[in-house]
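Shown next, in structure tokens, is the structure this report addresses.
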Amino acid sequence: MSHFSDLQGSEDSGPVYVREKGRLSVAGSHCPRVKTPPVRLFSKGFSVELCVRQGDACKPKEKPFVFTYTEQGSLRYSAKSLFTLALDLIADNIQHVDSLLGFPEQVAERLFTAAESRQQFCHPHSGLAALRKFTEAYGDLMLSSLCLRSKYLLVSEKMEEIKSFQGLHVLDLSCCKLGDEHELIAHLSSEAMDSLRELYLKDNCLSDIGVRKMTAPVRVLHRGLGKLSLLDVSCNPGITEKGLSFLLGFKELRFLDISDTGVQDSVFTCKKIQTRTGLVQSKKPLPQFDESSCRTEGWAEQLFRQWDDLVMSAIKPKKTLPSRTAAQHFYGKDKGTPEAETPMLYETPAAPTKHLQFYRPEGAPNPPPAVPQPGHYPGKRLKEDKHVSDRGSSQPAKKPRVALTADDWDLLNSY
């Protein structure tokens, strides 16, 4: 009875397989195993060929391994890490990234380098959007110092890219011939430039109007370039004593250069600057205003070199054709006769140098804000009271205020 129950239980559990001498068979069956040939999905002569249209501009994928050499000189294949593969994928599609806020700085630097090597920031449509994702998230790590001395073509071509950088500490725009109405001069007074410490505006065709616009947020709203410690406005003949009075609102200044400006009375100006700001005139040139004192520093340093090479290659002069030389001989212009040379663009005219550089001595504190004391101007007060009584006005005398022009109000309303 028990044997029958065991057989019945084994039948209920299903067939039992036994492996003997490498062969798998069902227990209790002695029939030989029938071998069936494998089923082929395609015939032996079947082949597949990938055809790509000529209009499809697909970028070939990089192979997921790298080639290295051993000490014996043999070639070795090593697979790329998963981190490197993911980084390359994001760099190829950086324009689709929403934001990099909170992303680790070490990884972001490698991502920026990978995207830069692929020239992702040179695309006319997606390059600026991709760059702003980095500048908004990492600020001065992207660029802490930017030198654009004499690179007026680069400033003109990459204006929006330059304005996208935030957290700059040093900016050199010398010899760029910007002028008072240039949008980059107006950008200097924006919130993106609050961190600026050193500003070089030498030889930029600035006048009192441009200085007034640049300093309006500091003088009226107490924001903007209030942290500026070095300012260079030399070689701007349009800046006079009136424009220099606007610069006295920078209370943190430690170095100031107003050489070769439109200042007429240098003795009175030096005394006024020393009284209002505590800066002392230097008898010799200061090293802070040398041309080599500023250079580009940050993650985007190589990117600006790449942009500069592209701009210079676009304006590379073409070679003179032989037909031009033949035409000159035909019209009697000898090749050896020197012709009148065309003056170089943006060449600064030679003028007697007025050395006016100022510095703050070591240990000298910043001047406190000027607060008028009672009874400081008794003569002026009596004259105002007399003028009011003569007019017969019953209104009380008002304190003197700083008069704002219509241009000042338009500038303040633009913020």
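The minimum heavy-atom distance between Met193 and Leu188, with the atom names listed, is CB-O, 3.3 Å. Nearest heavy-atom pair, Asn93 versus Leu89, reported as atom, atom and distance to 0.1 Å: ND2-O, 2.9 Å. Across every non-hydrogen atom of Ala186 and Ser189, the tightest pair is O-OG, 2.9 Å. In terms of heavy-atom proximity, Lys177 sits nearest to Cys205 at CD-SG, 3.6 Å. Taking every heavy atom of both residues into account, Leu286 and Phe255 meet most closely at CD1-CD2, 4.0 Å. In this structure, Leu143 and Ala300 approach most closely via the heavy-atom pair CG-CB, 4.1 Å.
Side-chain N/O atoms of Ser207 and Asp180 include a donor and acceptor closer than 3.5 Å. Judged by distance alone, the side chains of Thr261 and Asn236 never bring a donor and an acceptor atom under 3.5 Å apart. Thr84 and Ser81 form a side-chain donor-acceptor contact under 3.5 Å, judged by distance and modelled atom types alone. Side-chain contact check for Gln357 and Tyr359: no donor-acceptor pair (N or O, by modelled atom type) lies under 3.5 Å.
A salt bridge does not link Glu252 with Arg360: none of the charged nitrogens is closer than 4.0 Å to a carboxylate oxygen. Remark: Asp172 engages Arg149 in a salt bridge, criterion side-chain N to carboxylate O under 4.0 Å. We find that Asp308 and Lys151 are joined by a salt bridge, their nearest charged nitrogen and carboxylate oxygen being less than 4.0 Å apart.
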Could you tabulate the donor-acceptor pairs under 3.5 Å formed by side-chain atoms of residues 96-114, not counting sequence neighbours?
from   : atom 1 : to     : atom 2 : distance (Å)
Ser99  : OG     : Leu101 : N      : 3.2
Thr113 : OG1    : Glu109 : O      : 2.9

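Judged by distance alone, the side chain of Thr277 and the main-chain N or O of Ile273 form a donor-acceptor pair under 3.5 Å. Side-chain atoms of Ser259 come within 3.5 Å of backbone N or O of Leu356 as a donor-acceptor pair.
Taking CG of Leu128 as the reference point, atom CZ of Arg132 lies at 4.0 Å (rounded to 0.5 Å).
Counted within 6.0 Å of NZ on Lys163, heavy atoms from surrounding residues, nucleotides or ligands total more than 12; the atom is thus considered enclosed.
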- Task: Begin from the C-alpha positions of Arg295 and Glu297 and carry the test salt bridge (Lys or Arg N to Asp or Glu O under 4.0 Å) through to its verdict.
- Result: CA-CA 6 Å; Arg295 64 187 187 91; Glu297 296 178 354; 3.3 Å; yes
- Would you please test Arg223 and Asp194 for salt bridge (Lys or Arg N to Asp or Glu O under 4.0 Å) and show each step? CA-CA 7 Å; Arg223 69 179 187 183; Asp194 288 349; over 6 Å; no
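At a threshold of 4.5 Å between non-hydrogen side-chain atoms, the residues Leu225 and Leu231 do not count as touching.
The ring of Phe134 has its center no closer than 6.0 angstrom to the ring center of Phe165.
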